[in-house]
Amino acid sequence: MKPLSTPRGTADILPAQISRWAELESFSRTIFALYGYREIRTPVFEDRSLFKRSLGETTEVVNKQLLEVKSQRSDSEEAGLALRPEGTAAVVRAYNQNGWERSEGLAKLFYVGPMFRGERPQKGRLRQFHQVGAEALGYQGHNPLLDAEMIALAAQLLKAFGLKNYRLQINSLGSAEDKAGFAAWLRTALHDKIGSLSVECQAQYERNVFRLLDSKDPECQQVLSGLDIGTRHLSPKGLLYFQQVCAALDIAGVSYEVAPRLVRGLDYYTHTVFEFLYDGLGAQNAIGAGGRYNGLVEQLGGGDRRMAPEQVGAIGFALGLERILLALEAEGQSVVAERAITAFVVYQETAEQDMPQAAFRLVQELRTAGVACDMYFGRNNKMKQQFTQAEKMGARFVLVLGEEELRSGSIGVKDMKTGQQVAVAAGDIINYLERS
Ligand code: HAM
């Protein structure tokens with residue numbers, strides 16, 4: 001029978017890679033703490049309606065990519081669940097569920113974990129991928145300095161990961177009214193040209209005209225390149241807000257390009273939107289993205305009625321860890337970690353002595369003292385086999401237990417780098433290893 005493999009679009013994160021992943025996660029936690037963000041862990045599945053109501057019914061993520069959970073149970077509670085395609089919707093759900101609009105001045109939250117989208121898999125595009133993300137929500141959350149803080153935080157994370165050659169693009173959609181005006185302007189500007197475009201582009205024109213701006217269709221791109229978009233859709237207030245975000249980014253020393261065609265693929269965005277791009281990853285070159293989503297809290301039934309019509313201000317981002325690892329690899333950073341332990345205990349099999357037990361006792365004593373070590377568990381326990389296993393495990397020292405050593409109360413310590421072997425008194429072994 002053929003062995004089973006991972007489902008399409010998913011990947012095991014293998015032991016050789018895991019320390020790199022753990023490192024990225026640990027760098028993230030350190031940087032988030034610098035900015036006052038606290039971790040939240042939400043379920044990997046939620047009510048499907050949460051994603052429909054927040055990301056938008058006409059977006060690709062909801063329309064085509066939502067992975068629904070089919071349970072054997074037929075009770076209504078289990079119907080209508082979907083794996084989370086992103087983290088923002090669940091954070092807003094948790095914000096509302098816990099009444100944080102009252103108890104938290106500004107809720108600053110971060111998350112690390114797997115997300116799921118039923119996309120056609122390709123390099124850098126998976127069905128299960130991992131994001132590190134942050135969200136800030138609150139009535140205090142309407143400040144352009146917070147937009148700049150969020151973007152600077154994402155940039156500092158990328159820097160901590162060791163990534164150098166990425167680009168940051170930003171744009172503003174303006175308020176909900178500005179955004180509606182922007183959509184109407186785009187429709188009018190494209191009205192006479194849309195008939196010559198593909199059926200898919202025509203459908204997007206009808207459903208959600210913004211999607212045309214990230215269309216990969218060359219004819220569509222050509223039509224769009226003729227449009228002078230600029231910041232025409234922004235009201236004076238919206239434009240001022242955007243200018244203040246840019247000025248604050250300058251203060252924070254974050255470089256960016258203004259990209260008038262950047263609109264993002266999810267419906268909840270208002271005002272600032274941004275994307276971190278890494279050239280050289282092919283079509284999937286966005287390593288992270290985010291934006292402001294004022295009003296989503298209310299749209300999902302939350303917010304303090306006494307504050308109406310003021311909305312909870314909110315902004316966030318998410319970085320895609322698989323794509324970041326590809327980018328780090330492209331910059332020559334090794335993504336595969338060496339295997340290493342401090343010591344490997346090998347023993348001589350003799351008729352009189354119970355050597356495996358003696359080795360096991362030593363290994364346990366060393367581990368209790370905090371020394372990473374291991375021993376051979378196979379049946380063919382010839383010395384050669386044991387040394388081969390020690391090499392496979394990347395042992396720095398091999399500790400040899402033989403009859404002679406047991407008699408003299410010592411342990412042979414072979415330095416695997418230099419090849420030299422010395423005898424160390426059994427009582428000194430922990431000290432010796434700690435000093436070396
Ligand atoms: P997003 O642009 O859909 O935004 O995803 C953010 C990042 O996740 C992308 O830039 C990419 O690096 C990674 N990503 C997305 N889909 C895949 C995939 N199929 N395979 C591999 N990596 C992928 C969001 O998810 C928003 N929730 C970001 C946000 C937070 N906006 C406000 N707050």
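When a ligand or atom number is given, it counts from 1 through the structure's own listing order. Every value quoted in this text rests on a predicted model; they were computed, and no experiment measured them. This chain uses plain numbering: 1 for the first residue, then up along the sequence. FYI, side chains are in, hydrogens and waters are out, and symmetry mates aren't considered; it's all heavy atoms of this structure.
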At what distance, to the nearest 0.5 angstrom, does CG of Leu173 lie from CZ of Phe242? 9.5 Å
Going by the order shown, which atoms of ligand 1 are within less than 4.0 Å of some heavy atom of Ala286? 9 (C), 10 (O), 11 (C), 12 (O)
Could an N or O of ligand 1 be found under 3.5 Å from any N or O of Leu126, whether backbone or side chain? yes
Residue-level breakdown please: for Tyr278 versus ligand 1, do any non-hydrogen atoms fall below 4.0 Å on the side chain, on the backbone, on both, or on neither? neither
Between Ser215 and Arg211 (side chain of the first, backbone of the second, donor and acceptor by atom type, cut-off under 3.5 Å), is there such a pair? no
Per-atom contacts of ligand 1 with Gly288, taking only distances under 4.0 Å to non-hydrogen atoms: 10 (O), 12 (O)
Does Lys108 pair with Glu149 as a salt bridge, N-O distance under 4.0 Å? yes
Taking heavy atoms and a distance under 4.0 Å, where does Phe276 meet ligand 1: side chain, backbone, both or neither? neither
Location of contacts on Arg323 toward ligand 1, heavy atoms closer than 4.0 Å: side chain
Side chain of Glu298, backbone of Val312: donor and acceptor closer than 3.5 Å? yes
With a 4.0 Å cut-off on heavy atoms, is Glu322 touching ligand 1? no
One residue to check: Glu275. Relative to ligand 1, which of side chain, backbone, both or neither has a non-hydrogen atom less than 4.0 Å away? neither
Which atoms of ligand 1 sit under 4.0 Å from any heavy atom of Gly124? 20 (N), 21 (C), 22 (N)
Mind checking the CG-CG spacing from Leu55 to Leu50? Nearest 0.5 Å is all I need. 7.5 Å
Is there a donor in the side chain of Glu135 and an acceptor in the side chain of Thr88, or the other way round, less than 3.5 Å apart? yes
For Gly291, the atoms of ligand 1 under 4.0 Å from one of its heavy atoms are 31 (N), 32 (C)
Full working for salt bridge (charged side-chain N to carboxylate O under 4.0 Å, His left out) between Arg38 and Glu104: CA-CA 12 Å; Arg38 294 187 302 154; Glu104 303 268 317; 3.5 Å; yes
Identity of the nearest option to atom 4 (O) of ligand 1, non-hydrogen atoms only, from Met150, Glu86, Lys123, Arg264: Arg264
Validate the cation-pi geometry between Arg187 and Tyr205: distance from NZ or CZ to the six-membered ring centre under 6.0 Å, angle to the ring axis within 45°. yes
Check side chain to side chain contact (heavy atoms under 4.5 Å, CB included) between Ser5 and all other residues, then give those that pass, not counting sequence neighbours. none
Can you name the atoms of ligand 1, numbered from 1 with element, that are less than 4.0 Å from a heavy atom of Tyr269? 26 (C), 28 (C), 29 (C), 31 (N), 32 (C)
For ligand 1, is any non-hydrogen atom under 4.0 Å from Glu135's backbone (N, CA, C, O), its side chain (CB onward), both, or neither? side chain
Any heavy atom of His130 sitting closer than 4.0 Å to ligand 1? no
Taking N or O atoms only and a 3.5 Å limit, does Arg125 qualify as a polar contact for ligand 1? no
Should Gly133 be listed as contacting ligand 1, given a heavy-atom distance under 4.0 Å as the test? no
Using a 4.0 Å heavy-atom threshold (strictly under), name the region of Arg127 that reaches ligand 1: side chain, backbone, both or neither. neither
Would you give the length of the straight line joining atom CG of Leu34 to atom CZ of Phe32, rounded to the nearest 0.5 angstrom? 10.5 Å
